[in-house]
Every structure is written in structure tokens, then in C-alpha cells.
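Every chain is numbered from 1 and lettered A, B, ... according to where its sequence line falls, protein lines coming before strand lines. What you see below is based on every heavy atom in this structure, not just the backbone, and it leaves out hydrogens, waters and symmetry mates.
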There are 2 protein chains.
Amino acid sequence: MIETENAIGVISMFYARPFTRDHFDCFHRMKKAGADVVELLVPEPGELDLRETKAAIADAGLSCVLAARVNLARDLSSADEAAYKGGVAYLESTVDTAAALGATIVGGPLYGAPMVFAGRAPTPITADERKRRVDAVVAGLKQAGRRAADQGVAFGVEPLNRFESDVCNTARHALEIVDRVDNPAVGVMLDTFHMNMEEFDIADAIRKTGSKIVHFQANENNRGFVGSGHIDWASVARAIRDVAYTGPIVLEPFRRSDEGAGVTLAQWRAPTVNEDGELAASIAYLKAALAFARQTA
Amino acid sequence: MIETENAIGVISMFYARPFTRDHFDCFHRMKKAGADVVELLVPEPGELDLRETKAAIADAGLSCVLAARVNLARDLSSADEAAYKGGVAYLESTVDTAAALGATIVGGPLYGAPMVFAGRAPTPITADERKRRVDAVVAGLKQAGRRAADQGVAFGVEPLNRFESDVCNTARHALEIVDRVDNPAVGVMLDTFHMNMEEFDIADAIRKTGSKIVHFQANENNRGFVGSGHIDWASVARAIRDVAYTGPIVLEPFRRSDEGAGVTLAQWRAPTVNEDGELAASIAYLKAALAFARQTA
């Protein structure tokens, strides 16, 4: 069997949202599909018992990474002091949650200011306001980053596509922020779905982010199963090899099988059929791409 | 010099928005950059004098296609009767505008229901509401399509990405609608920017749309200049050749040069430097790809 250095996994939302103890059997299903790691949304208070969840994940033989859930009340980019402080406090709390779950990575659009999914439309931003927002994000990540460093947790700042963020859209934008934060516990998280929309050259962006990458999401251009679309996975795998990224790589295939005019593709939809076979095929595909990239270095 | 069968051009928004008589010199600039056709936003009343505009376009040696501007008050998908009727009346009026300008194509998200740019966030839609909306779009296009057929104008129904539409996201969605309208004057318009986000295989989607294609927009994955990103233009050109599409192909490079964290990439921004050289390079690149595809058939 070929071996990969990266733990490959899937996000809990692939199966259910909200994800509760009723879905713990999914940990075994993903393991059976070839996964090594689960990405959990950081549970909101009362959603999951952390001790029980940690045990269930370990029982299935998986490790765990966390995806932060920012909103307009947890928003480092906000000019509203309460929202800014809420953003810092939330990020600090995710470090404690990670420690309780045995996770060492918290990724996502940590900078806040969600757009389309918070009902916020793209609008022009003055140069002064752009600067204020980025400065605030840097200050907030500096503060929350101290908690992360203390607990051995790494934050991954994830660029999102233009419709989901007007703070950070590209690897270069994320590096600009992370370089200013200047804390080894605050790095960059990359997602090929967003990169497909915003980068000029995905592999080049991975190489330029290099050692700053702390987490990676492997998604097809249209969020279909990895291998079903047009992302050049061989090229992605070679770039991951070249930067010696050995951390987790997580899939979020949300395309579902309910195609047709009028379907809300942007909206999370629950699976309508069992997709474990497709997930296993995607994980095998990605592991092969990564293994061949290393073999042919 | 190599010859292409398609008229290649650029949208007026590349230079200015709103586009008025003060910008008529842009027709000469685009011609100099190698363009054969201009895509104009359908002028709102009073924005442009149609006779004068037609003369200015002809004077520069260009032809013209039109991009419809729908909004929530011109919305074939709407359950509100006034908005639905407003959508039909608007589409009928665009046919008259096309006739006055000597244009034979009106493209765009003719079905209405704009999302992110109308401040409408993705939300779940019931199956009944999905069906009602698509039925309404078909009925509206049947009605407005009669005016188009009478005037020798073709409508191009354009799928948009998931953040801009929850009515029509893929070539297959557009074909589903257009096949039901069943009027040769109502076809499909494709845009590689949206296809890059939603199709599994861009070339395959072009081939499956085949003779229904009435208009085409060639945009890089991130709206950079054609040739600067990762769209596989050789593959696109071969698919266009295979379906014998000989209509216009228009560029909309809106990436601009003001990169940096905090820039609103989704928002239209005016050019900050003269980009005529980059436009000329993109047009030459695309013409070469199309010509080589035909040479090597």
C-alpha cells in the first residue's frame, strides 16, 4: 500500500449539520472510507460534550482539527468594539476547545466580516476603512494568537472567495496579515475551492505560502467529489510536496446529487443518498496523487 | 495573419460604468486592441442616445451585443406579479433597444432573482418554490421570446455561479429552461468565469450546449486577463470549434491592479491604470487559441 505523509479527512458537515452525538457513527464511516482525521466545526456551547466527543473520535482511530465559526458578533474586522472583542474572545475560546478535544489546529475565516452567508452584499470600501479593518484583524490575531501559542494550537487564516469575504481572498492577502501578526502559532489555511476562483496559479500560491501553511482543504472547483472536476490534483500534490507540508488535508464535498435548475448550490444541503463510496474514491484519488508526487520528486 | 470565425470583443464596463458618450473614444481603443465587437450594458433611459451610439460603434468598425440588466423589479422568477411583468416588459424593451443599435444578441441572467449583488443571501428554497420559479421563468421567456423572434434578436440565458443566482448555475440548468421555452430565438449564453465554479468539465459543458449557444464570455478563473489564470483555453477553443459556434466572444477582465488584503474583488472597480496593452495581449491570445483549434481539427 502507498503511504502519504498527510492525514486525509473530511468535515463533519459532509454528513450532518448540526453534528451531534447522534452522528458519532459517522466517525467510523469516514474511517472506513479511508479518512485519518475529522474536521469538526467548533461546537457551540451545549452542542457536543467535548470529553465524550474526544473519546468517540479516538475510538474510531481518527485525529481532529477544528473549523472556527465566525459571525458578525465575532468579528475582528468590525468597527464595533463589542463585535471586535467578541471575535478575540471567541478565537481564544476555540483554543480551549481544541485543547479539550486534543486538536492542534483551528482554521477558517478567523478575521470575520462574513459576507454572503451573513446577508452582506459586496459594497465599495474606502481605502481608510480597508486599512482599519486589516489593522484590526492583525491586532486581534496578535492577541488571540498568544493563547494559541501557550496551548500549542495553531490558527489557520483562510482566504475565502470574493463573495464570502472582502477582507482576505488570496494566499497573498493571508500572508500579508500573517506576516504582520508574526507569531508562529498563526499561519495560513488554504482551500482549493476558493483558490480556484481567486488565484492566478494554484500551485504557485501554495509554493509561495510555503512553510506558513498550517491547514489545507482539498475541494473540487464546484465542490463535487475530489477527482470529479477540473482542479489539477497532480499539480497541487507536487506543490504540497515541494513546500514539505505534512499537516492534514480535509475534503468538503457538498455538491450533492440534487442537480436541476432552481437548486440552491450555495446553501448547505443535507445528503439525500449515502455517499460513502464516492468519499472513499476521492480519498483514494487524493492519497494516490500525493504519494505519486513524492515518488516522482 | 491568422483568422478567427468569432468576433472577439470586450464589455464597456472594462473602461467605465456608467458608460456614456464621454467614453465613445473607448470604441476606438478597443478596436486598436484587436476587438471586433463591443458588449454594451443595455442602456437605461437617458444614459445613451441610441442613434448616436450606433454611429459611434460603426465609426470604430465594431459590431455590438447587449447585456441585459435585471434587478428585483425586473424578475421573471418573482412571485410578485408586478416584478414578473416588469421582467417581461424589460426583456421586450431590450429587443427594441437591440434593434435600434443594430445588435442581434441580448444576453445575461434574463431569469432575474439576482442574489449577492441585490443583497439577497443564499437561503433554502422549497421544491415547490423551485418549480414555481422555473415555470415562471419559462413562461416569461416564452412571452418575451416572441418579440425577440419577430425582431431577429436572440436572447442568451446565462448561468451564473451559486453566489449570484439560485435559479440557473450550470449549462445544464440553462438548457433545461431553454429546451422548455422551445423558441430558436432563446438560447444559452456561457461564461467561463461562472463555468469554472460550477461545471465538472468546461469543454464538455460547451459541447453539450452545442448549437444552443448564442453568446459566449471568455473570462479567466479570477477575472484576470485571459491567459493570466488557469482556464484551459486550448480546450475551450477546441470545444467551441467542435460545436461550430461562430458568434461573438467577449472579455470582462475586471481584476484590476489594486491587489491587497481588504480589496473588494467582488465589487466592480474602475481601472486605475491604462490596461489597453493587457487587453490587446488577451485578445491576441484568445484569437490564437481559436485559430490553432481550427487549424488542428
Of the backbone (N, CA, C, O) and the side chain (C-beta and beyond), which part of [X] lies under 4.5 Å from a heavy atom of chain A, both, or neither?
X	value
B:Thr170	side chain
B:Glu164	side chain
B:Asn196	both
B:Glu198	both
B:Phe193	side chain

Please rank [options] by heavy-atom pairs under 4.5 Å with chain A and give me the top one.
options	result
B:Phe200, B:Phe117, B:Tyr111	B:Phe200
B:Ala113, B:Pro122, B:Ala121	B:Pro122
B:Glu129, B:Met197, B:Glu259	B:Met197

Hey, does the side chain of [X] reach the backbone of [Y] with a donor-acceptor pair shorter than 3.5 angstrom?
X	Y	answer
B:His194	B:Asn161	yes
A:Glu176	B:Ala261	yes
A:Thr209	A:Ala205	yes
A:Tyr84	A:Gly140	yes
A:Arg207	A:Val243	no

Side chain, backbone, both or neither: which part of [X] has a heavy atom under 4.5 Å from chain B?
X	result
A:Val263	both
A:Asp232	neither
A:Asn221	both

Counting heavy-atom pairs under 4.5 Å with chain B, which one of [options] comes out on top?
options	answer
A:Gly119, A:Pro124, A:Cys168	A:Pro124
A:Arg133, A:Arg269, A:Glu199	A:Glu199
A:Arg120, A:His173, A:Met115	A:His173

Pair B:Asp166 + B:Arg130, salt bridge at N-O below 4.0 Å: no

Between [X] and [Y], does any side-chain donor sit less than 3.5 Å from a side-chain acceptor?
X	Y	result
A:Asp191	A:Asn219	yes
B:Thr264	A:Thr123	no
A:Trp233	A:Glu220	yes

